[in-house]
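Each remark here refers to the structure printed beneath this line.
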Amino acid sequence: TYKLAIAGGGSTYTPGIVRSLMDRLEDLPLSELRFYDIDGERQSKVVIAAKAVISEYTDRINIVETTDPQVAFDDVDFVFAQMRVGKYAMRELDEKIPLSHNVVGQETCGPGGLAYGLRTIFPMVELIDFVEKYAKPSCWIVNYSNPASIVAEGVRKLRPHARVINICDMPVATMRNMSAILGVEREELEVDYFGLNHFGWFTKVKVDGVDRLPELREHIYQYGLLTEDVSKIDYRHADSSWIKTFKNIKLIMDYFPDYIPNPYLQYYFFPDYIVETSNKEYTRANEVMDGREKSLFETVKNYEETGVLADEFHVGVHGIFIVDVTVSLAKNLAKRYLVMVENNGTIPNLPANAMVEVPCLITSKGPVPEYVGEIPYFHQAMIEQQLASEKILVEAITEGSYEKALQAFTLNKTFPSARVAKAVLDDLIEANKEYWPTL
Ligand code: G6P
Ligand code: MN
């Protein structure tokens with residue numbers, strides 16, 4: 001049996017992840033589940049919901065709730081990391097400040113992602129150091145913390161030997177939509193894919209060895225990456241803003257008839273259109289705060305008053321995927337999943353030290369990438385520009401260099417000019433004073 005800690009226990013995702021863990025107790029038997037967060041008050045509410053979920057399955061798991069890293073990580077086998085530095089209040093600023101300059105306002109793409117990256121790298125490194133100090137030497141950190149691409153680069157650079165696997169649920173969520181369109185199970189899909197996190201392309205979507213990508217493209221041209229019955233897609237992506245995101249993929253494909261883009265590429269291909277169709281006063285952060293956040297805390301309050309848990313906290317691909325990866329790690333199953341890994345020749349025409357998102361076999365020694373081969377010059381060029389933006393950003397924070405931060409912003413395709421990049425950066429520095437002491 002294993003001891004597992006969830007760092008960022010106060011996240012609204014926690015109850016869903018816990019249900020996924022409970023569904024998989026046979027594959028990943030747990031003796032202890034620890035919840036760790038720097039905000040103990042918030043976490044204690046979420047843990048009430050998590051405990052209610054656990055009680056449906058078992059009373060044999062020891063549950064620990066703590067704000068002390070030693071208590072959290074002492075002797076654990078696995079850590080799930082999902083920190084959100086600055087919480088939704090800072091996400092709101094990450095989205096609204098750029099929009100006030102007519103630049104994309106998004107949590108992980110463009111200036112919002114760069115700002116979030118600057119906040120997250122040092123706390124992530126701190127977490128890694130705690131885990132190294134207290135956990136079993138064999139412990140793996142399975143990391144969802146965003147912006148995953150920048151976090152992966154920061155970890156590669158600052159803690160190159162850390163046992164961290166950086167993962168993202170966007171590819172699997174996209175595959176869930178693909179499988180609904182094709183009328184098959186998600187597990188039946190075998191995809192080829194290359195890129196950086198939130199910046200990549202599906203190049204093959206095989207079912208029983210047959211590439212169904214052309215058929216999917218035909219569907220997307222008409223309906224986007226959606227089915228008529230939205231209940232078939234992941235519950236978390238049934239919000240109107242996500243529906244819009246999946247529809248917009250069609251836009252990219254109208255212009256570039258190759259592959260199937262990760263939905264996040266729309267922010268780089270069509271930043272002007274995205275800004276035109278954004279509500280500058282009410283962004284995704286507001287939707288999440290008024291929706292997912294509010295409803296979780298209301299559910300908990302209600303549960304405490306009535307003993308009835310109104311929400312069952314369904315398991316979506318987000319919860320399923322992190323447990324899938326962990327089971328493959330724990331049991332050395334060598335299952336094939338898309339995760340982030342150091343390139344090292346997997347894509348020969350990208351730098352060896354790029355953190356790429358590609359198919360990997362997940363073994364107990366970590367992810368082993370499958371050889372991808374050379375990618376077309378256009379995609380290489382787009383990726384190189386984004387990669388440079390992210391790598392220089394990590395240098396900016398570690399060196400405390402304003403100049404490099406401005407370079408990173410200027411290189412990001414979401415900006416129309418260096419002048420606008422500087423204006424947005426300066427406003428973000430003001431808003432992040434507390435988080436970026438070095439800039
Ligand atoms: C996807 C991405 C995550 C991102 C999330 C935001 O799942 O892969 O990286 O954090 O969407 O979703 P939200 O519902 O918070 O806007
Ligand atoms: Mn992601």
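Start at 1 and go down the list; that is how both ligands and their atoms are numbered. Everything quoted here is computed from the prediction, not taken from an experiment.
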Shortest protein heavy-atom distance from [atom], along with the residue and atom involved:
atom	result
atom 12 (O) of ligand 1	R236 NH1, 3.3 Å
atom 8 (O) of ligand 1	D169 OD1, 2.7 Å
atom 11 (O) of ligand 1	W242 CZ2, 3.1 Å
atom 9 (O) of ligand 1	N146 ND2, 2.7 Å

Tell me whether the NZ or CZ atom of R34 lies within the 45° cone about the ring axis of Y36 and under 6.0 Å from its centre. no
ring-ring contact (aromatic ring centres under 6.0 Å, His included) test vs F321 passes for just one of F80, Y337, Y13, namely Y337
Which residue in the set Y264, F378, F194 passes ring-ring contact (aromatic ring centres under 6.0 Å, His included) when paired with W201? F194
Taking the Mn ion (ligand 2) as the center, what protein N, O or S atoms are found at less than 2.8 Å? C168 SG, H198 NE2
State whether the side chain of [X] and the backbone N or O of [Y] hold a donor-acceptor pair below 3.5 Å, judged by distance alone.
X	Y	result
N343	I347	yes
D37	G10	yes
T299	D311	no
Y144	H318	yes
E304	K301	no

Identify, by atom number and element, the atoms of ligand 1 in contact range of [X], meaning under 4.0 Å from any of its heavy atoms.
X	answer
H198	2 (C), 8 (O), 9 (O)
C168	8 (O)
Y264	1 (C), 2 (C), 3 (C), 4 (C), 5 (C), 11 (O)
M170	1 (C), 8 (O)
E107	4 (C), 6 (C), 10 (O)
Y13	12 (O), 15 (O)
R91	13 (P), 15 (O), 16 (O)
R292	13 (P), 14 (O), 15 (O)

Contact check: R284 vs ligand 1, nitrogen or oxygen atoms, below 3.5 angstrom: yes
Any chance the side chains of N146 and H198 put a donor and an acceptor closer than 3.5 Å? no
Would you please say whether a donor-acceptor pair under 3.5 Å links the side chains of S241 and D239? no
Going by heavy atoms in the side chains, are R91 and R284 under 4.5 Å from each other? yes
Does the pair N248 and I274 meet the rule for a side-chain contact (heavy atoms from CB on, under 4.5 Å), with working shown? CA-CA 9 Å; N248 282 347; I274 295 292; 4.0 Å; yes
